[in-house]
Amino acid sequence: MDFDSVADELYRLPPDEFTAARTKHAAAAREAGLRDLARRIDALHRPTLSAWTANQLVRRHPDQVRKLTGLGDDLRRAHREPSSRQTDNITDQQRAVVAELIQHARRIVEETGHPFTGEVEDGLEQTLRAAATDDQAARDWVAGRLAEPLTAPASFPGAQGTPHRSVQPHGRPKPLTTEAGSSRSQRQTQRDRHDQQARARQEAREAQRDARAHEKELGLLRRRAGQAERTLHRTDQRVRELTQQLEQARQHHQAAQEELQQTRDRLNAAERAMERTREQAGDAGHRTEE
């Protein structure tokens, strides 16, 4: 068992299965004596649906993922050597790839039985834009272990004056007015606040479940410790009994040896006395004959 394989497995699972699997792997690590690994596994956060979907895009559509991140590299080079035509061309390609990935994501989410809500689409689009703009964000996304959506920087080409969920499979998004952009910003702020609150509630629920799992494991370990103590007590008592029996056996053995030696001594004495008696009887016989 190693951290990378466990993390990859967890972030591949549907979010509804994440917490139970994480608890199982952490318990297995603790059972194997891998305390540090168990703590690292426990620290992994359950992904939001939009973050999980972004992770699945990396696994299911790697070619388009590489294309989007590669266009991000091209765009950064284009900014260093300004060319409006080149920049516009790369931006158009980015929009097209993002639109394709959004459609793939819709199918992935619907396969799980969850609705592809605006909240999910917003988080996913922010993640794709962040990965297309920032090199570190791209690396985080490609790792396939996002727990929450990435945030696209305000400098993302086309982000300003563009509806948040306007990237469609066909056609370009229409620019927003300043008033619409302000309204859009307010809605985004509300969504961000809602997401933060939802994540906080989810983390609180996960913490409670983890605490219950740890309490259950602690209770099991306590019961095992109690059983071990009782077994040790019985074993100690049996050892004392056997020690006493061994001492008694040694005493009996010593007494038997002493009694055997005494019997042998008496037997030897009796044999010598008999021999003397035989000699005396022989002498008396000779004298009678004379």
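Note that the coordinates shown come from a computational prediction; the quantities given were computed from them, not determined experimentally.
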My understanding is that only residues two or more places apart in sequence, or in another chain, count here; which of them pass side-chain contact (heavy atoms from CB on, under 4.5 Å) with [X]?
X      : answer
Gln136 : Asp134, Arg139, Asp140
Arg238 : Glu241, Leu242, Gln245
Asp36  : Arg39
Leu71  : Lys67, Asp74, Ile90, Gln93, Gln94, Val97

(request) Quick one: list whatever passes side chain to side chain donor-acceptor pair (under 3.5 Å) with Glu258, sequence neighbours left out. (result)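 Testing Glu258 for side chain to side chain donor-acceptor pair (under 3.5 Å), a comparison that skips the adjacent residues, returns Gln254.
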
(request) Using the test side chain to side chain donor-acceptor pair (under 3.5 Å), find all partners of Thr53 that sit at least two apart in sequence or belong to another chain. (result) none

Please tell me whether [X] and [Y] have a donor and an acceptor in their side chains that are separated by less than 3.5 angstrom.
X      : Y     : value
Asp8   : Ser5  : no
His104 : Gln64 : yes
His25  : Glu9  : yes

Side chains of residues 218-234: which donor-acceptor partners sit under 3.5 Å, not counting sequence neighbours?
{"from": "Thr231", "atom 1": "OG1", "to": "Gln227", "atom 2": "O", "distance (Å)": "2.9"}
{"from": "Thr231", "atom 1": "OG1", "to": "Arg234", "atom 2": "NH2", "distance (Å)": "3.3"}

(message) Taking Thr127's backbone N and O only, do any of them form a donor-acceptor pair with Trp141's side chain (distance below 3.5 Å, no angle check)?
(response) no

(request) Applying side chain to side chain contact (heavy atoms under 4.5 Å, CB included), run through Gln248 and Thr243 and close with a yes or a no. (result) CA-CA 9 Å; Gln248 291 173 356; Thr243 301; over 6 Å; no

Could you state the interatomic distance from [atom1] ([X]) to [atom2] ([Y]), rounded to the nearest 0.5 Å?
X      : Y      : atom1 : atom2 : value
His61  : Gln103 : NE2   : CD    : 11.0 Å
Arg272 : Thr277 : CZ    : OG1   : 13.0 Å
Leu49  : Glu148 : CG    : CD    : 14.0 Å
Arg22  : Ile41  : CZ    : CD1   : 10.5 Å

(message) Please determine whether the number of non-hydrogen atoms from other residues, nucleotides or ligands lying under 6.0 Å from atom CD of Glu31 exceeds 12.
(response)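 Open.
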
Salt bridge (Lys or Arg N to Asp or Glu O under 4.0 Å) partners of [X], counting only residues at least two apart:
X      : answer
Arg106 : none
Asp4   : Arg145
Glu271 : none

Using every non-hydrogen atom in the two residues, find where [X] and [Y] come nearest and quote the distance to one decimal.
X      : Y      : result
Ala26  : Ala38  : O-CB, 3.6 Å
Thr151 : Ala130 : O-CB, 3.5 Å
Trp52  : Thr112 : CH2-CG2, 3.4 Å
Ala51  : Leu146 : CB-O, 3.8 Å
Ser50  : Pro149 : OG-CG, 3.1 Å
Val58  : Val142 : CG1-O, 3.3 Å

(request) Would you please test Ile102 and Leu128 for side chain to side chain contact (heavy atoms under 4.5 Å, CB included) and show each step? (result) CA-CA 9 Å; Ile102 290 290; Leu128 297 179; 4.0 Å; yes

Between [X] and [Y], is any pair of side-chain heavy atoms under 4.5 Å apart?
X      : Y      : result
Leu57  : Leu124 : yes
Arg264 : Leu260 : yes
Thr69  : Asp73  : no
Leu44  : Arg40  : no

(request) Enumerate the residue pairs fulfilling salt bridge (Lys or Arg N to Asp or Glu O under 4.0 Å) with a member in residues 50-65, sequence neighbours excluded, ordered by first and then second residue. (result) Arg60-Glu111, Asp63-Arg66

(request) Provide the full list of salt bridge (Lys or Arg N to Asp or Glu O under 4.0 Å) pairs with a residue in residues 12-21, sequence neighbours left out, each pair given once. (result) Asp16-Arg46

(message) Parallel, tilted or perpendicular: which one describes the rings of Phe18 and Tyr11, with boundaries at 30° and 60°?
(response)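 Tilted, since the angle between the ring planes falls between 30° and 60°.
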
